Amino acid sequence: MELSESVQRGFQTLADPGSFDSNAFALLLRAAFQSLLDAQADEAVLDHPDLKHIDPVVLKYCHAAAATYILEAGKHRADKSTLSTFLEDCKFDRERIELFCTEYQNNKNSLESLLESIGRSLPHITDVSWRLEYQIKTNQLHKMYRPAYLVTLNVENTDSQSYPEISFSCNMEQLQDLVGKLKDASKSLERATQL
Amino acid sequence: MLLDLSEEHKEHLAFLPRVDGAVVAEFGRIAVESLRRGSNPKIYDGAARKLNVSSDTVQHGVEGLTYLLTESSKLMISELDFQDSVFVLGFSEELNKLLLQLYLDNRKEIRTILNELAPDLPTYHSLEWRLDVQLASRSLRQQIKPAVTFKLHLNHNGDHSTKVLQTDPATLLHLVQQLEQALEEMKTNHCRRVVRNIK
């Protein structure tokens, strides 16, 4: 993990009981996790009466440093010993190291979920709807008398947050072909997971 | 059901008894070709010269024949109805038989062509698939995230298009289940009854 100087300085400040007493430290730590993981969090996350006595510039600087480190640690799946080593290097005392590691452990799953969901991917199929119809006639062709399916795939685009749909029609043979291929993929997946 | 032939149509068809059977058969072939590929005026000129008539007459003859064949195919009229409809034209027994044969021989293909004229959604052509496992991304390392990638091939009005899509294992199982249910529907009593009774 490569960490910038400003992150390291931020943590050195966080380690200092003169700048952050135990209560303030715990609050800032919680605020850092909240800003990252709570969708509703806003700037008011640092507006706590027990943090009012600290210079707002210092507060923001340390908050940013903590958030940056938390993301890096999450990205690299840091374990407790990695965290401890870093915090010890920043001159954290035992109590603060324990607190940080506990908070991290509690939020680890949410953090990893969040990081996993960030990124580009292909349009993702989320659902399928189908309609079966019996075709009788068109203005060009009478006496058709055959079944047809209309299939709609619901698709999600992760980056553009759009939800286009893909619709197509098919007859019975074509639908059987489609289902056959989907089952092949599914069986292949099952076999792969058993390896 | 009898075909309703307009006076103009009957006039155009009146050219047919003036040429022999082989020519009518040839016109029939040109008629179906023109449905598939569009008409070619040069063909009419060539035929007009050989038969010693105007190009327009040939064109009307072929067009009349085309319309006769497409209307009959569209309505899927029975042999008997076709014969009765053509009877009013007062043609020879031989010509009537030839026309009936032309109808029966080309009906299936004409119906296929007419089918393509209907308002249409893209139709399924085929599906390719691939299993992928995502191992890492810029935002998270050490992942094991299985996914299935598809390439869906569709046809629309002659154009071939492809869509590349992805899904996760759980959704894949859901897709299979839902579409299998769709296939099962055709076998239910309700659908069987509809198919049996609407003819």
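So that the names make sense, note that chain A is the first sequence line, chain B the second, and so on, each numbered from 1. This is a predicted model, so every value here is computed, not measured.
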Structural part of Pro147(A) lying under 4.5 Å from a heavy atom of chain B: side chain
Cluster link Leu122(A) to Val128(A), ILVMFWY, side chain under 4.5 Å: no
Within 6.0 Å of CZ in Arg130(B), more than 12 heavy atoms from elsewhere: no
Side chain to side chain donor-acceptor pair (under 3.5 Å) contacts in which one or both residues fall within residues 103-112 of chain B, not counting sequence neighbours: Arg36(B)-Glu109(B), Gln101(B)-Asp105(B), Tyr103(B)-Arg107(B)
Most chain A-contacting option - heavy-atom pairs closer than 4.5 Å, from Ala147(B), Pro169(B), Ser139(B): Ser139(B)
Check: Arg77(A) and Gln143(B) side chains under 4.5 Å, non-hydrogen atoms: yes
Top of Asp168(B), Ile110(B), Leu152(B) for chain A proximity - count of heavy-atom pairs under 4.5 angstrom: Asp168(B)
Donor-acceptor pair, side chain of Ser186(A) and main chain of Leu173(B), under 3.5 angstrom: no
Which portion of Thr70(B) sits near chain A, non-hydrogen atoms under 4.5 angstrom: neither
Asp55(A), CG: over 12 other non-hydrogen atoms inside 6.0 angstrom: yes
Residue Leu150(A) versus chain B: region with a heavy atom under 4.5 Å: side chain
Flag, side chain of Tyr134(A) to backbone of Val194(B), donor-acceptor distance under 3.5 Å: no
Exceeds 12 heavy-atom contacts within 6.0 angstrom, atom CZ of Phe87(B): no
Heavy-atom pair of closest approach, residues His76(A) and Gln142(B): O-NE2, 3.8 Å
In one Ile/Leu/Val/Met/Phe/Trp/Tyr side-chain cluster, 4.5 Å: Leu3(B), Met76(B): no
Side-chain donor or acceptor of Gln174(A) paired with backbone N/O of Tyr124(B) under 3.5 Å: yes
Pairwise distance OG1(Thr167(B)) to CG(Asp127(A)) - rounded to 0.5 angstrom: 9.5 Å
Between Ala185(A), Ser188(A), Pro123(A), Cys170(A), the one whose heavy-atom pairs under 4.5 Å with chain B are most numerous: Ala185(A)
Rounded distance [0.5 Å steps], NE2 in His156(B) versus OG in Ser169(A): 8.5 Å
Greater than 12 external heavy atoms within 6.0 Å of Gln176(A)'s CD: yes
Contact class of Val155(A) relative to chain B, heavy atoms under 4.5 angstrom: side chain
Structural part of Val133(B) lying under 4.5 Å from a heavy atom of chain A: neither
Separation of Thr126(A) OG1 from Leu175(B) CG (nearest 0.5 Å): 9.0 Å
Any donor-acceptor N/O pair, Trp130(A) side chain to Leu179(B) backbone, under 3.5 Å: no
Tyr44(B) with Leu51(B), same ILVMFWY side-chain cluster at under 4.5 Å: yes
Which atoms of Leu172(B) approach chain A - backbone, side chain, both or neither, heavy atom under 4.5 Å: side chain
Leu71(A), part contacting chain B, at a heavy-atom distance under 4.5 Å: neither
Audit row: Leu182(A), Phe150(B), side chain to side chain contact (heavy atoms under 4.5 Å, CB included) steps and yes/no: CA-CA 9 Å; Leu182(A) 290 176; Phe150(B) 296 116; 3.5 Å; yes
Distance, nearest 0.5 Å, that separates CE of Met144(A) from CD1 of Ile198(B): 13.5 Å
Heavy-atom contact with chain B under 4.5 Å, split by part of Asp184(A): both
Residue Thr171(B) versus chain A: region with a heavy atom under 4.5 Å: side chain
Heavy-atom closest contact (Leu140(B) atom, Glu112(A) atom, distance): CD2-O, 3.6 Å
Contact origin within Val164(B) toward chain A - heavy atom pairs under 4.5 Å: both
More than 12 heavy atoms of other groups within 6.0 Å of Lys10(B) NZ: yes
Atom NZ of Lys52(A) with >12 non-hydrogen neighbours under 6.0 angstrom: yes
Sidechain-backbone polar pair: Arg138(B) side chain, Gly119(A) backbone, donor-acceptor under 3.5 Å: no
For the student: nearest non-hydrogen atoms of Ala192(A) and Leu131(B), plus distance: CB-CD1, 4.4 Å
Shared hydrophobic cluster for Leu29(A) and Ile54(A) (ILVMFWY, side-chain gaps under 4.5 Å): yes
Distance in Å, Phe168(A) CZ paired with Lys163(B) NZ, rounded so as to fall on 0.5 Å steps: 11.0 Å
Steps toward side chain to side chain contact (heavy atoms under 4.5 Å, CB included) verdict (Glu180(B), Lys183(A)): CA-CA 10 Å; Glu180(B) 277 185 321; Lys183(A) 278 167 105 164; 2.4 Å; yes
Side-chain donor/acceptor of Lys75(A) to backbone N/O of Ser137(B), under 3.5 Å: no
Given Leu175(A), Leu132(A), Leu178(A), the one that forms side-chain contact (heavy atoms from CB on, under 4.5 Å) with Leu183(B): Leu175(A)
Chain B contact via Glu72(A) - side chain, backbone, both or neither, heavy atoms under 4.5 Å: neither
Over 12 foreign heavy atoms within 6.0 Å of CZ, Phe91(B): yes
Side-chain heavy-atom pair Asn115(B), Arg146(A) within 4.5 angstrom cut-off: yes
CA sep, side-chain torsions, deciding dist, call: Gln166(B), Ile125(A), side chain to side chain contact (heavy atoms under 4.5 Å, CB included): CA-CA 6 Å; Gln166(B) 205 172 50; Ile125(A) 301 175; over 6 Å; no
Single-linkage hydrophobic cluster Tyr145(A)~Leu75(B), side-chain heavy atoms < 4.5 angstrom: no
CD/Gln181(B): more than 12 non-hydrogen atoms of other groups inside 6.0 Å: yes
Between NE2 on residue His142(A) and NZ on residue Lys74(B), distance to nearest 0.5 Å: 4.0 Å
